[in-house]
Every structure is written in C-alpha cells, then in structure tokens.
Amino acid sequence: MRTFMRSVHYAVEGIAYAVRTQRHIRVHLTTTVIVCIAAAWARLSPLEWTALLIMCAVVISLEMLNTAIELTVDRMGLERHPLAKAAKDVAAGAVLLAVVFAIVVGILLLGPPIWQRVFGA
Ligand SMILES: Nc1ncnc2c1ncn2[C@@H]1O[C@H](COP(=O)(O)OP(=O)(O)OP(=O)(O)O)[C@@H](O)[C@H]1O
C-alpha cells in the first residue's frame with residue numbers, strides 16, 4: 001500500500017510539473033472545462049459524455065507523453081540531430097492527430113444540440 005501511495009504521489013508530481021511548465025496542457029485543461037460546460041448545457045446523454053471525456057483524456061495524456069519525450073530527448077543532448085527531430089515531430093504529430101479527432105467528435109456531438117437550443121431549429 002505504501003508503494004502504491006508513493007507511485008500515486010510521483011504521478012501527481014508529474015501532472016503538477018506538466019501543468020506548471022506546459023502552456024499547451026493548460027490550454028487543453030481549459031478547453032476540457034469549456035467542453036464540459038457546453039455538454040451540460042446541451043444535455044448530452046451519458047454515452048455522448050463518455051465519448052467527449054475519452055477524447056479530452058486522450059488529448060491531455062498524449063500532450064503529457066509529448067512533454068516526457070521532449071524532456072527525454074533534451075536530456076540525451078541539446079545538439080541538433082535528425083533522430084531527435086523525428087522523435088519530437090512524431091510525438092507532436094500524435095497530439096495533433098488526437099486534437100483533430102477530438103474537434104470532429106466535439107462538433108458531431110455538441111453541434112446539433114447547441115444549434116437547436118440557439119436557433120430553435
Ligand atoms: N535536438 C534537436 N535536433 C533536431 N531538431 C530538433 C531538436 N530539438 C527540437 N527540434 C525541432 O524543433 C521542434 C520544436 O522542438 P521543441 O523542443 O522546442 O518543442 P516545442 O514544439 O517547442 O514544444 P513545446 O512548445 O511543447 O515545448 C521539434 O519538433 C523539432 O522539429
């Protein structure tokens with residue numbers, strides 16, 4: 001149990017570090033809060049909430065892994081290298097893909113109910 005609590009403690013330290021140092025993670029967290037307010041206002045079903053929350057979690061988690069990869073690459077050496085570039089670019093690409101899919105899911109789920117409530121059509 002002590003080992004588990006220590007692991008949780010280190011994980012929370014990791015989350016705090018990411019939030020403190022990474023502007024993109026703060027942007028994703030703010031977006032998640034806005035999406036949750038919109039989902040509550042649009043009265044989404046539990047299944048729709050699940051899809052939205054999964055997408056938010058995927059984006060934030062991938063952004064944190066992207067940060068971990070950037071830190072690891074920089075720790076190995078700050079000189080320019082094509083493999084360092086590829087590692088960082090692939091990690092950034094993973095975040096971008098997740099963000100694009102999250103936007104599509106958000107529009108599909110939030111678009112129609114918000115449109116209906118705003119324009120009554
Ligand atoms: N050591 C390196 N060798 C070659 N190219 C690199 C290296 N470090 C960074 N790059 C290139 O510069 C880009 C930006 O890298 P950087 O480490 O500044 O991350 P970032 O995109 O600014 O991330 P963040 O804003 O989240 O800190 C990388 O995607 C990569 O293309």
Side-chain angles (χ1 to χ4, degrees):
M1 192 61 185
R2 275 178 68 93
T3 318
F4 173 73
M5 289 311 290
R6 202 177 309 145
S7 301
V8 171
H9 172 75
Y10 289 138
V12 171
E13 273 192 350
I15 294 170
Y17 176 88
V19 173
R20 205 169 55 244
T21 62
Q22 302 300 312
R23 194 180 64 85
H24 287 159
I25 290 189
R26 293 196 294 275
V27 169
H28 295 320
L29 286 173
T30 307
T31 307
T32 298
V33 171
I34 293 168
V35 163
C36 286
I37 292 169
W41 188 66
R43 299 201 189 99
L44 293 193
S45 71
L47 207 57
E48 291 168 331
W49 265 100
T50 306
L52 274 186
L53 291 177
I54 286 175
M55 292 313 296
C56 291
V58 167
V59 169
I60 293 168
S61 303
L62 279 181
E63 189 69 58
M64 290 177 70
L65 284 177
N66 179 39
T67 299
I69 287 169
E70 281 177 6
L71 292 171
T72 307
V73 170
D74 288 346
R75 173 69 179 84
M76 287 168 67
L78 291 175
E79 75 280 4
R80 312 295 289 180
H81 193 285
L83 286 178
K85 174 176 168 49
K88 287 189 175 186
D89 289 353
V90 169
V95 177
L96 180 63
L97 267 186
V99 167
V100 169
F101 276 92
I103 290 172
V104 171
V105 170
I107 290 172
L108 286 175
L109 293 178
L110 289 170
I114 287 180
W115 183 275
Q116 195 173 27
R117 292 199 68 180
V118 172
F119 299 107

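Both ligands and their constituent atoms are indexed starting at 1 by order of listing. Only this structure's heavy atoms are used, side chains among them; waters, hydrogens and symmetry mates stay out.
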_Give me the residue, atom name and distance of the protein heavy atom closest to atom 12 (O) of ligand 1._
R80 NH2, 4.2 Å

*Minimum side-chain heavy-atom gap E63-N66 below 4.5 Å*: yes

*Please check atom 9 (C) of ligand 1 for a protein heavy-atom neighbour under 4.0 Å.*
yes

*Heavy-atom contacts with K88 under 4.0 Å: which atoms of ligand 1 show up? List them by number with element.*
8 (N), 9 (C), 15 (O), 16 (P), 17 (O), 28 (C), 29 (O)

*Do the side chains of L65 and V95 get nearer than 4.5 Å, heavy atoms only?*
no

*asked:* Any protein heavy-atom neighbour for atom 22 (O) of ligand 1 (distance below 4.0 angstrom)?
replied: no

*Going by heavy atoms in the side chains, are R26 and T21 under 4.5 Å from each other?*
no

*Hey, is atom 18 (O) of ligand 1 under 4.0 Å from any protein heavy atom?*
no

*Scan residues 36-51 for pairs that pass side chain to side chain donor-acceptor pair (under 3.5 Å), counting only residues two or more places apart or in two chains.*
S45-E48

*What protein heavy atom is closest to atom 28 (C) of ligand 1, reported as residue, atom name and distance in Å?*
D89 OD1, 3.4 Å

*Heavy-atom distance under 4.5 Å between the side chains of C36 and L53, does that happen here?*
yes

*Could you tell me if any non-hydrogen atom of E63 lies under 4.0 Å from any atom of ligand 1?*
no

_Would you say that L110 contacts L44 through its side chain, given a criterion of any heavy-atom pair below 4.5 Å between the two side chains?_
yes

*Kindly indicate whether atom 14 (C) of ligand 1 is approached by any protein heavy atom to under 4.0 angstrom.*
no

*Excluding sequence neighbours, so at least two apart, what forms side-chain contact (heavy atoms from CB on, under 4.5 Å) with M55?*
F101, A102, V105

*Of all the non-hydrogen atoms in the protein, which one sits nearest to atom 1 (N) of ligand 1, and at what distance?*
E79 O, 3.2 Å

*For atom 4 (C) of ligand 1, the option (of R23, H24, H81) bearing the nearest heavy atom*: H81

*Residue and atom name of the nearest protein heavy atom (relative to atom 20 (P) of ligand 1), distance in Å to one decimal*: E70 OE2, 3.7 Å

*Just by modelled atom types, is the K85 backbone N or O under 3.5 Å from a matching donor or acceptor in the R80 side chain?*
no

*Of all the atoms in ligand 1, which lie at a distance below 4.0 Å from a heavy atom belonging to A84?*
1 (N), 2 (C), 3 (N)

